[in-house]
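Just below is one structure, and these are the notes that go with it.
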Amino acid sequence: MTIIRTSEASFNGVSPRTLQRHAAAQKIERVSRGIYLRPGPGSSPDEHWLARLDAHLLRGGPSAAISHRAAARLHGLEGFLDGERYEDLTVPASSGWKSPPAIRSQTLIPADVVDVLGRPITSLARTLADVGRFVTPDVHELALHSALRGIDRRRPDLWNVELLQDLMRRVEQRNSSGTSVLRASLDRYGVGRPSGSIAETMLHQQVRPAGIHLVRQPTVYVMTKGGRLVATYFPDGGEFELGLLVEVDGRVGHEGDEKVDRDDRRQNELMVGFHVHRIHARRLFAEPDRVVAELVRVRSSLARRQSPWRGSGGVIVDWEDDSARLIR
């Protein structure tokens, strides 16, 4: 991909009219006023998209940054990876650029800009605060959880607390037109850690209308009667009041003999004191209404039990909103 500026082409003896003829013949692509793009052979859609963003940055000047939906995609946030490749760009209000894809701003400070792939883009916190301008709370919640989840999804005990605190401050400051949607996502956040996958976040979104509010990634400590810690588990969701844990089984992390054995050991440990309800992610995507109805029936059955902690000999003690101890 090659970016061509009219001023540089004129310096090299190529007139603006010639560039316009080449664009009409589809030999080059007009990106914006005075800026063209010569596609390379076999360029992928993402390469073409990044080249157009580079061209926009060139026009926007040194204070411009990729932002909003484009920044969300570059940050790898769920909800933006499979959709349209937007070309959102934040530029200073003094730039005079008023038409799309430019979004004018007077509040883009250096701390809100980071380098990704050699390009200036808005930080995670700024992007999450801004992108609510264009998306629904459900899509925003997917993005929020993927950002909070951190690098290692196998360690739900390690998550981005600093980012969460930064987002809370931004909601209080109300310095972005998207903060109302950010506030809605944070209000949904509730107790516990972020969901471990896109399927788990969708599960919480599907069950809320039915009045089911699961704690995300609660902590279950398995201990001996002597007080020795045997294992620590982070099920996908739970309601300790009912003795219910919910697991969403996806393809990633649950295939292979070793992982199957690990899941079986975990299941056996937890079933000592809990009812463990398993849902396959494929079902959640294909028939969400049936999954929700099934979970409603399970909860109704558990609510009729004499004791929510009646298991096969285990005793649950000291349970709170997001943690419990299982004595075996």
Can you give me the closest heavy-atom contact between L53 and A70, atom names plus distance? CD2-CB, 4.3 Å
Is there a donor-acceptor pair under 3.5 Å between the side chain of H145 and the backbone N or O of I198? no
Non-hydrogen atoms of V292 and Q206 that approach each other most closely: CG2-O, 3.7 Å
Using a 4.5 Å cut-off on heavy atoms from C-beta on, say whether the side chain of F80 contacts that of V131. yes
For residues L164 and W159, determine if any side-chain heavy atom of one lies less than 4.5 Å from a side-chain heavy atom of the other. yes
According to side chain to side chain donor-acceptor pair (under 3.5 Å), who are the partners of H277, at least two apart in sequence or on a separate chain? E294
With a 4.5 Å cut-off on side-chain heavy atoms, are R59 and I3 touching? no
Taking only residues two or more places apart in sequence, or in another chain, which ones meet R299 in a side chain to side chain donor-acceptor pair (under 3.5 Å)? E239
Which residues share a side chain to side chain donor-acceptor pair (under 3.5 Å) with R104, sequence neighbours left out: none
Hey, are the side chains of L142 and Q205 touching, using non-hydrogen atoms and a 4.5 Å cut-off? yes
Student check: side-chain heavy atoms of K27 and Y36 closer than 4.5 Å: no
Student check: side-chain heavy atoms of L302 and F274 closer than 4.5 Å: no
Distance col, row K225:NZ vs I327:CD1, nearest 0.5 angstrom, shows 9.5 Å
When you check the side-chain N and O atoms of S67 and R126, is any donor under 3.5 Å from an acceptor? no
Salt bridge flag under 4.0 Å for residues D236 and R278: no
Less than 4.0 Å between a side-chain N and a carboxylate O, is that true for D166 and R170? yes
Just jot down the side chain to side chain donor-acceptor pair (under 3.5 Å) partners of S323, sequence neighbours excluded, or say none. none
Given side chains that start at C-beta, do those of H48 and L37 come closer than 4.5 Å, heavy atoms only? yes
Does the distance from a Lys or Arg side-chain N to an Asp or Glu carboxylate O, for E200 and R149, drop under 4.0 Å? no
By the rule that ILVMFWY residues connect when side-chain heavy atoms come within less than 4.5 angstrom, directly or transitively, which residues belong alongside V113? L108
Tell me which pairs pass salt bridge (Lys or Arg N to Asp or Glu O under 4.0 Å) where either residue lies in residues 86-96, with sequence neighbours left out. R52-E87, R69-D88
Could you pull out the closest heavy-atom pair between V272 and L326, with the gap in Å? CG1-CD1, 4.3 Å
Does R73 reach the side chain of W49, with side-chain heavy atoms less than 4.5 Å apart? yes
Whether S32 side chain and I35 backbone form a donor-acceptor pair below 3.5 Å: no
What's the separation between atom OG1 in T90 and atom CD1 in I121, rounded to the nearest 0.5 Å? 11.0 Å
